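Worksheet: the structure to be examined is printed underneath.
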There are 2 protein chains.
Amino acid sequence: MSERSRQIVEAAVCLVEEGGTEALTMRALAERLGIRAPSLYKHFPDKAAVEAEVIALAMRDLARALEAAKDELEALAGAYRAYALAHPHLYRLMSAGPLPRERLPDGLEERAALPVVRAMGGERVAARAVWAFAHGMVMLELDGRFPPGADLDGAWRAGVAAFSRT
Amino acid sequence: MSERSRQIVEAAVCLVEEGGTEALTMRALAERLGIRAPSLYKHFPDKAAVEAEVIALAMRDLARALEAAKDELEALAGAYRAYALAHPHLYRLMSAGPLPRERLPDGLEERAALPVVRAMGGERVAARAVWAFAHGMVMLELDGRFPPGADLDGAWRAGVAAFSRT
DNA sequence: GTCTATACCCGGATAGAC
DNA sequence: GTCTATCCGGGTATAGAC
């Protein structure tokens, strides 16, 4: 990938972080770079290609955050939640809706999932349940679905405790 | 609400069920009813009002399905998942993204949540964790996020088992 | 309550000159 | 590699006649 392409992806990340998925349009992206929208198509075939690069970048960041955490459920859950709250729009783009697997680097998805599998002693089925819990907590929190004033820390603790006994 | 308004909401539900959230447009809705889009504004002030009625209807259906299930976590989880898989687009519209609470009937959200709270012996914090698990499982399944061939029944069992020991 | 006509916004993407 | 000009499609919503 050329240097210019990297700059484009970087700008795209900023747009998503600041304004959510919908803020990433070819026009807005071009404007941020000081060029015109059609010029982007000299670097990427279409918008989906740009989006895929943003997703890949976010997944790498999340994977790094999880790998840096201690190999216990509680620490992993904390790191997961922290990433999602720090980058809510990136988390959404990366984790909600269909994933363009063909456009992503091989093994990246697996890499992001690995820390949880290890924390669950290699039990992939249980790891999936834990992942679903964490994803559900994050999405409900980001979407403002819990009642105002709900004890979310408590809910996280309850979930982590439940799965720790597994 | 007039009879005509009810017909409009019913048509809107069909559009969502068949084509997802994006398929619900004022033009498509009008066409399905054999009228022109501007005529809809004689019955509803804007699109959000129609959408809110669809959401309310879906929440009532889900609440009924949960109330009909046995008062145990396993049965509730089964009913929850069954509803979501039977009406994936309605589930999404109702459960993902911000909720227009001002436009919904009082107490409806609470009603839908109650069965889980009861199954958890009144522990609202634990009930929220269970809800997050179920929501996460459903969304990851609907979004095709699990690896192909993953044992989802097993993941559901693992989650239900973990929270049952609470 | 329905229509036609229309305003207004937005999006992705292409052709062809430079 | 950037530009201008443009196409094409889509959306919500309003005005005013009937």
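Quantities reported herein were computed from a predicted structural model and do not represent experimental measurements. Sequence lines set the chain letters: A, B, ... in the order given, protein chains first and strands last, and positions in each chain run from 1.
As a whole-Å value, the separation of B/Glu51 CD from D/dG11 P is 13 Å. Whole-Å rounding puts the A/Leu33 CG to D/dG1 P distance at 14 Å. Between A/Leu40 atom CG and C/dT14 atom P the separation is 13 Å, expressed in whole Å. Between the P atom of D/dG10 and the CG atom of B/Leu24 lies a distance of 16 Å, rounded to the nearest Å. Nucleotide D/dG11 holds its C1' atom 14 Å from the CG atom of B/Leu29, rounded to whole Å. Rounded to an integer number of Å, the gap from A/His43 NE2 to C/dA13 P is 16 Å. Atom CE of B/Met26 and atom P of D/dG11 are 12 Å apart (whole Å). Per the geometry, CD belonging to A/Glu31 stands 12 Å off P belonging to D/dC3, to the nearest Å.
At C/dG11, one or more side-chain N or O atoms of A/Thr25 fall inside 4.0 Å of OP1 or OP2 (strictly under the cut-off). The shortest distance between the side-chain N/O atoms of A/Arg27 and the OP1/OP2 oxygens of C/dC10 is not below 4.0 Å. Contact between the side-chain N/O atoms of B/Arg36 and the OP1/OP2 oxygens of C/dG1 is not found at any separation under 4.0 Å.
Salt-bridge check for B/Glu110 with B/Arg124: passed, with a basic side-chain N closer than 4.0 Å to an acidic carboxylate O.
The listed nucleotides are D/dC3, D/dA13, C/dT2; the one nearest the side chain of A/Ile35 is D/dC3. For B/Asp46, the side-chain atoms get nearest to D/dA13 when compared with the rest of C/dA13, D/dA13, C/dG1. Between D/dT2, C/dT4, C/dA15, one nucleotide has an atom nearer to the side chain of A/Pro38 than all others, and that is C/dA15. The side chain of A/Tyr41 sits closest to C/dA13 out of C/dG1, D/dT2, C/dA13.
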Take A/Glu123 and A/Arg118 through the salt bridge (Lys or Arg N to Asp or Glu O under 4.0 Å) test and state the conclusion after the steps.
CA-CA 8 Å; A/Glu123 308 255 6; A/Arg118 270 197 287 118; over 6 Å; no

Would you sort out whether A/Arg111 and A/Glu67 count as a salt bridge (Lys or Arg N to Asp or Glu O under 4.0 Å), showing the intermediate values?
CA-CA 9 Å; A/Arg111 178 186 161 196; A/Glu67 287 160 2; 2.8 Å; yes

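The aromatic rings of A/Tyr91 and A/Tyr80 sit perpendicular to each other, their planes meeting at more than 60°, with 30° as the lower class boundary.
Listed for the B/Ser5 side chain is no donor-acceptor partner under 3.5 Å among the backbone atoms of B/Met1.
Where A/Lys42 and A/Glu22 meet DNA chain C, the nucleotide closest to each residue was compared, and A/Glu22 sits on the side nearer the 5' end.
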